[in-house]
Amino acid sequence: MIELQWVNKVFNQDQPNECRALREVNLRLERGGIIVFKGPSGSGKTTLLTLIGCLARPTSGRITLDGRLLSNLPERFLTQARRHTFGFVFQQFNLIRGLTVLDNVLLPAYPLGRSYRDLHQAAQQVLEKFGLLAKATNKVEWLSGGEAQRVALARALINDPAIVIADEPTANLDSTLSREVLALLGELATQGRTVLISSHDPLVFESARVNRLIELRDGQIVGDSCFSKDA
Amino acid sequence: MPVFIEQQKYLIDYTLAALFRRKTRNLGLLLVYTLLVFLFASVLLLSQGLRREAAVLLQDAPEVIVQRLVAGRHDLLPAAWLDTLRQIRGVGEARGRLWGYYYDAAVKANYTVMAAPERKLADDRILIGAALARVRQLGIGDGFSLRAASGPPVLFKVAGVLEFSSELLSADLLLLSETSFRTLFQLPPALYTDAVLAVRNPREAAMIAQKTALALPSSRPILRSEILRTYDTVFDWREGITFLCLGSLLLAFLILAWDKAAGLSAEEKREIGILKAIGWETGDILRMKLWEGLLLSLSAFLAGYLLAWWQLFHGGAKLFSPLLKGWAVLYPDFQLTPTVDITQILILLAVTVLPYIVATLIPSWRAAIADPDAAMRG
């Protein structure tokens, strides 16, 4: 379970361009299913996901994962959490240009020092699952938006994380590709993973696969709806 | 341990890919870097080689040379001094030498002319250094005339060219009989240029020099070790001048390296942020950057050093020899003996590789300690 208590995030604190991205957020997220954070641009969705995923620290407040306090962990332990618990899919994909699809997918596993054979086998499986095996040796800049999104998803899964975080996963895709990506995320949830999505795309937050919809505005939670897990 | 090795293999794999992605930039840097190492290594290897060559040759030089000073200037030495020198305890033999310089206006060069009684040359025969033979296009049996101090030319026949291994010091040498020397320079029979002493116990050379100075107050004894030291100083001085010139080049390179390595582009910063976001530690990033610095700088070092080695020991050392061998018309042509000096290699590594690695690591460390989110935003 992920729990946030009185979480605030302020960028450029005490400077003329200070920005209060999150205000007094209290939230409890159960494991499993798809949880969508909905809200307009600047509502704090991405910031909230980066705090949950240990990509940044809150300015104040506490974040715990299964009772373990994450918000004041040293950098080394935060990395462990990022490496083993979370898998990220960024809005702009954030793939490393100049590298092949396979290399990008392998990257999160490099610091673990897994054997070459195991690692490549795992990468082949995940690429096959997302229909990318034929593109494994292609450079990522040659891919279409949908393909790049699937590569980002494959990369997020290479270390087999329990929680997948997807920031605006359909923002750069047309409706067909959006449905495709949504289906893949749904499949991950079916496997028992927790999928956290930020989106202001109705195609996402109106999807029947969504188990919980949390609405943000101006850095605060303004709505929280739960749906049946069987939906 | 296997995990650590696997990790390093993956990091090197990624580093190589990263280097190839910025091909033009890294290739340019590699070329400039290689050139710098090549220049520094050339100077170091050449000056060290010359010093060693001179030391080897001077091993056979006399332990003590005695000169006569008049009003602080070198003057001719009377033959009677030789008897005085022979009476000094510890002196095995005292022999007078005849040598001087001869300016040849035809090639605008100075020859070192020396009487060589041990060669038993006929009065009309000479032996010449290889550089002299090259410049004057002389071979065995050719005639060669020198103008005597009294005016008329004296004709000699070349009896031989001095052997190759001694060319560093004998390039401009011209050997002839004592009689011919005295005739050529109008030198009276009871005078010598200087005297050389053979010492029974080489460890007593300094003591014998002291005794000589006491027995002959206007003499100046010169020890072999002093000659070696002078050669060392001359080469050190020349090396210093060359390094001074290269210093500006090194500075330019350091600025370039700092600019290229230290100034992380927005794309590189973002890449570090991505790597951290997907589970890389700050340590992993630093190790990757360390590999990057090491791969680039060691490749440049290896290429530059080997290139310098090749041009020096196989390519005739054309680039720096005028600076380090001296400015002359008669350049010695000789082959240096290749040797590996670990200290020298370490010094060269320290001045070329270390600064680059530091310049690579510091900005990467700065980018890597930021939160991944902040690093990705640039």
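Given the structure is predicted, the values throughout are model-derived calculations rather than measurements.
The shortest non-hydrogen separation linking B/G279 to A/P111 is O-CG, 4.2 Å.
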Checklist entry - Under the side-chain contact (heavy atoms from CB on, under 4.5 Å) criterion, do B/R21 and A/I96 qualify, and how do the steps go? => result CA-CA 10 Å; B/R21 269 184 297 147; A/I96 306 242; 3.2 Å; yes
Checklist entry - Between B/E6 and A/R114, does a side-chain contact (heavy atoms from CB on, under 4.5 Å) hold up when you go through it step by step? => result CA-CA 7 Å; B/E6 283 297 327; A/R114 285 162 67 180; over 6 Å; no
Item to check | Audit row: A/L78, B/E281, side-chain contact (heavy atoms from CB on, under 4.5 Å) steps and yes/no | outcome: CA-CA 9 Å; A/L78 282 183; B/E281 273 180 25; over 6 Å; no
Checklist entry - Run the side-chain contact (heavy atoms from CB on, under 4.5 Å) check on A/L119 and B/Y10 step by step: do they pass? => result CA-CA 11 Å; A/L119 189 54; B/Y10 290 133; 3.5 Å; yes
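Proximity to chain B (any heavy atom under 4.5 Å) is restricted, for A/S115, to the backbone atoms N, CA, C and O. Only the side chain of B/L275 comes within contact range of chain A, with at least one heavy atom under 4.5 Å from a heavy atom of that chain. Of the atoms belonging to A/Y116, heavy atoms from both backbone and side chain fall under 4.5 Å from chain B. Contacts of B/K9 with chain A are absent, with no heavy-atom separation under 4.5 Å from either backbone or side chain.
Side-chain contact between B/Q7 and A/L112: absent, with no pair of heavy atoms (C-beta onward) separated by less than 4.5 Å. Between A/R83 and B/D284 the shortest side-chain heavy-atom distance falls below 4.5 Å. Using a 4.5 Å cut-off on side-chain heavy atoms (C-beta onward), A/R76 and B/T282 make no contact.
For CG of A/N26, the number of neighbouring non-hydrogen atoms (other residues, nucleotides, ligands) closer than 6.0 Å is greater than 12.
A distance-only check finds a donor-acceptor pair linking the side chain of A/R82 to the backbone of B/K276 [under 3.5 Å]. Within the 3.5 Å criterion, the main-chain N or O of A/Y110 finds no donor-acceptor partner in the side chain of B/W280.
Contacts with chain A were tallied for B/I278, B/L11, B/D13; B/I278 has the most, counting heavy-atom pairs under 4.5 Å. Per-residue counts of heavy-atom pairs under 4.5 Å with chain A were compared for B/A277, B/G283, B/A17; the largest is that of B/A277. Interface check for chain B: of the options A/A56, A/G87, A/A81, A/P161, the most heavy-atom pairs under 4.5 Å are formed by A/A56.
Taken from CZ in A/R155 to CD1 in B/I274, the straight-line distance is 6.5 Å, to the nearest 0.5 Å.
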